[in-house]
Amino acid sequence: MTILPLSTPGRSTPNSQHSSYFPPSSSSSNGNNNGPTIGLPGQAGFRRKSDGGYGFNGSSASARVHGHHHQSSSMSSFVPLFLRRLFRFPHMDFQFALWQMVYLCISPRIVYRNIHYHKQTKNQWARDDPAFMVILSGVLCCSAIAWGLVYGHGMMGILRMMLYMVFVDFVVIGVVVATICWTIANRFLARASVYSTEQSVEWQYAFDIHCNAFMPVIALLYIIQMVFMKVLVKDFWICSLLGNTLYMIAIVYYCYITFLGYNALPFLRHPEMFLYPITIFVVLYVLALILGINVSAKVLAMYFG
């Protein structure tokens, strides 16, 4: 006698087309049916393939339940998966990414309110949709074209500027900053508890925080600074005040959104540590004003020659 499980809502009772759902019985394969055989999922378990896959997979099932799946927290597994999704434009949610960009500039706390819902539904803290990064790269490319036209650069100069802004300013610096913050969070800020499974910050979530924090920087230093460039580079103290204040606001915004990103993780203690660099930049800001250093003029001269 063979007992099959009753069908549940959303899942049909396995038939001959889903014979792999049930493990083969040694007794039934020999033609001897001496006792009841209860069909259970095989050791490999089921796995949905439509949305990237989830379900039971040996020992990783418990790790997924407790949010400590090593594949989701390793940089090596994230990059190939991200690259595979990078060119699936019909599957990207550009509308939600644009909504996040707007609120990161006007009310960044709202963006991190749904992070726990994302963790419960996607089983990871980081976003799995590369639409945000695609739009961010597009904005940087448009900014590079505008800056190139303002400074009279040719086509090759604009192309070099686009590559530099996207791959150096955004990606390379972002990887360095995200790795440093990721290391600090996991080594010094993660709570160790004997009553719960140890959790750690995913590297891709640390890079997501950099992407979020970089959005106001783009708005302030790549767009607004270009609009008021003729005023900011003049050799007057008030122009130095405006230019230095613009950079100071961008730095404060970056540190604040970084703090919000790590503060949203319930297993981290003292995330306000990511606000400490603001003190250093405030001191540098005051010194630059006292010495009459125009940071905006010097950065533009160094960046665009």
Side-chain angles (χ1 to χ4, degrees), residues 51-52 67 72-73 78 82 85-86 89 91-140 142-143 169-171 173-174 177-178 181-182 184-185 189-191 199-225 227 245-278 281-282:
D51 57 354
S72 64
S73 62
F78 163 70
F82 186 84
R85 294 175 174 176
L86 191 59
F89 294 102
H91 300 281
M92 297 183 188
D93 191 352
F94 291 103
Q95 183 178 0
F96 181 66
L98 289 172
W99 176 87
Q100 287 183 320
M101 289 181 174
V102 172
Y103 275 92
L104 282 170
C105 296
I106 61 177
S107 183
R109 280 185 175 273
I110 297 179
V111 178
Y112 288 102
R113 285 180 181 175
N114 63 345
I115 186 173
H116 295 283
Y117 173 77
H118 182 80
K119 172 63 177 176
Q120 294 173 358
T121 56
K122 300 294 185 178
N123 207 20
Q124 65 179 26
W125 296 104
R127 59 168 64 97
D128 56 352
D129 186 359
F132 190 93
M133 185 174 178
V134 170
I135 297 177
L136 212 61
S137 301
V139 172
L140 285 173
C142 294
S143 175
D169 290 356
F170 177 44
V171 178
I173 295 179
V177 174
C181 295
W182 171 68
I184 293 174
L189 306 183
R191 289 191 181 99
Q199 300 186 63
S200 61
V201 179
E202 305 161 355
W203 184 89
Q204 58 266 38
Y205 180 74
F207 188 78
D208 271 350
I209 294 177
H210 161 73
C211 294
N212 293 340
F214 200 68
M215 182 58 214
V217 174
I218 292 178
L220 291 169
L221 302 185
Y222 290 79
I223 299 177
I224 294 179
Q225 182 178 214
V227 175
T245 303
L246 189 67
Y247 275 81
M248 188 63 205
I249 294 174
I251 292 172
V252 171
Y253 239 121
Y254 188 95
C255 294
Y256 176 64
I257 295 180
T258 300
F259 157 74
L260 290 180
Y262 289 98
N263 187 55
L265 300 179
F267 54 88
L268 293 184
R269 64 177 184 271
H270 303 303
E272 62 274 8
M273 178 179 180
F274 294 102
L275 295 175
Y276 293 165
I278 295 178
F281 286 105
V282 168

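No side-chain heavy atom of Phe274 sits less than 4.5 Å from a side-chain heavy atom of Asn263. Leu140 places none of its side-chain heavy atoms less than 4.5 Å from the side chain of Asp169. Using a 4.5 Å heavy-atom threshold, the side chains of Ile110 and Trp99 count as touching. Looking at Val282 and Met248, their side chains come closer than 4.5 Å, going by heavy atoms from C-beta outward. Looking only at side-chain heavy atoms (C-beta outward), Ile173 and Phe214 stay at 4.5 Å or farther from each other. Ile209 has its side chain within reach of Tyr112: a pair of non-hydrogen atoms, C-beta onward, lies under 4.5 Å apart. Met92 is not listed as a side-chain neighbour of Ile135, based on a closest heavy-atom distance of 4.5 Å or more.
The heavy-atom pair separating Ile257 from Pro108 by the smallest distance is CG1-CB, 3.9 Å. For the pair Cys211 and Leu136, the tightest heavy-atom approach, listed with the atom from each and the gap, is O-CD2, 3.7 Å. Considering all non-hydrogen atoms of both residues, Ala213 and Pro216 come closest at O-CD, 3.3 Å. What you find for Ala178 and Trp203 is that their closest heavy atoms are C-NE1, 4.3 Å. Here the closest non-hydrogen pair linking Phe207 and Met133 is CE2-SD, 4.1 Å. The two residues Cys181 and Thr258 come nearest to each other via the heavy atoms SG-CG2, 4.5 Å.
Side-chain atoms of Ser143 do not come within 3.5 Å of backbone N or O of Val139 as any donor-acceptor pair. For the pair Arg191 (side chain) and Gln199 (backbone), a donor-acceptor distance under 3.5 Å is absent. Side chain of Tyr253 to backbone of Met215: no donor-acceptor contact under 3.5 angstrom is found. Of the possible donor and acceptor atoms, none in the side chain of Asp208 sits under 3.5 Å from a partner among the backbone N and O of Ala126.
Applying the 6.0 Å contact sphere to CZ of Arg109 captures no more than 12 heavy atoms from other residues, nucleotides or ligands. The 12-atom threshold is not exceeded at OH of Tyr103, counting heavy atoms of other residues, nucleotides or ligands nearer than 6.0 Å. For CD of Glu272, the number of neighbouring non-hydrogen atoms (other residues, nucleotides, ligands) closer than 6.0 Å is greater than 12.
Atom CD1 of Ile278 sits about 9.5 Å away from atom CD1 of Ile251, to the nearest 0.5 Å. The distance from atom CH2 of Trp182 to atom OG of Ser200, rounded to the nearest 0.5 Å, is 8.0 Å. Distance CD1/Ile184 to CE/Met273: 5.0 Å, rounded to 0.5 Å. Once rounded to the nearest 0.5 Å, the distance linking CZ of Arg127 with CD of Gln100 reads 4.5 Å. Cys255 SG to Leu260 CG: the interatomic distance, rounded to the nearest 0.5 Å, is 11.5 Å.
The aromatic rings of Tyr262 and Tyr205 sit perpendicular to each other, their planes meeting at more than 60°, with 30° as the lower class boundary. Using a 30° and 60° split on the angle between ring planes, Phe170 and His210 fall in the parallel class, below 30°.
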Before giving the answer on side-chain contact (heavy atoms from CB on, under 4.5 Å), spell out for Ile249 and Leu220 the whole-Å C-alpha distance, their side-chain angles and the decisive distance to 0.1 Å.
CA-CA 8 Å; Ile249 294 174; Leu220 291 169; 3.7 Å; yes
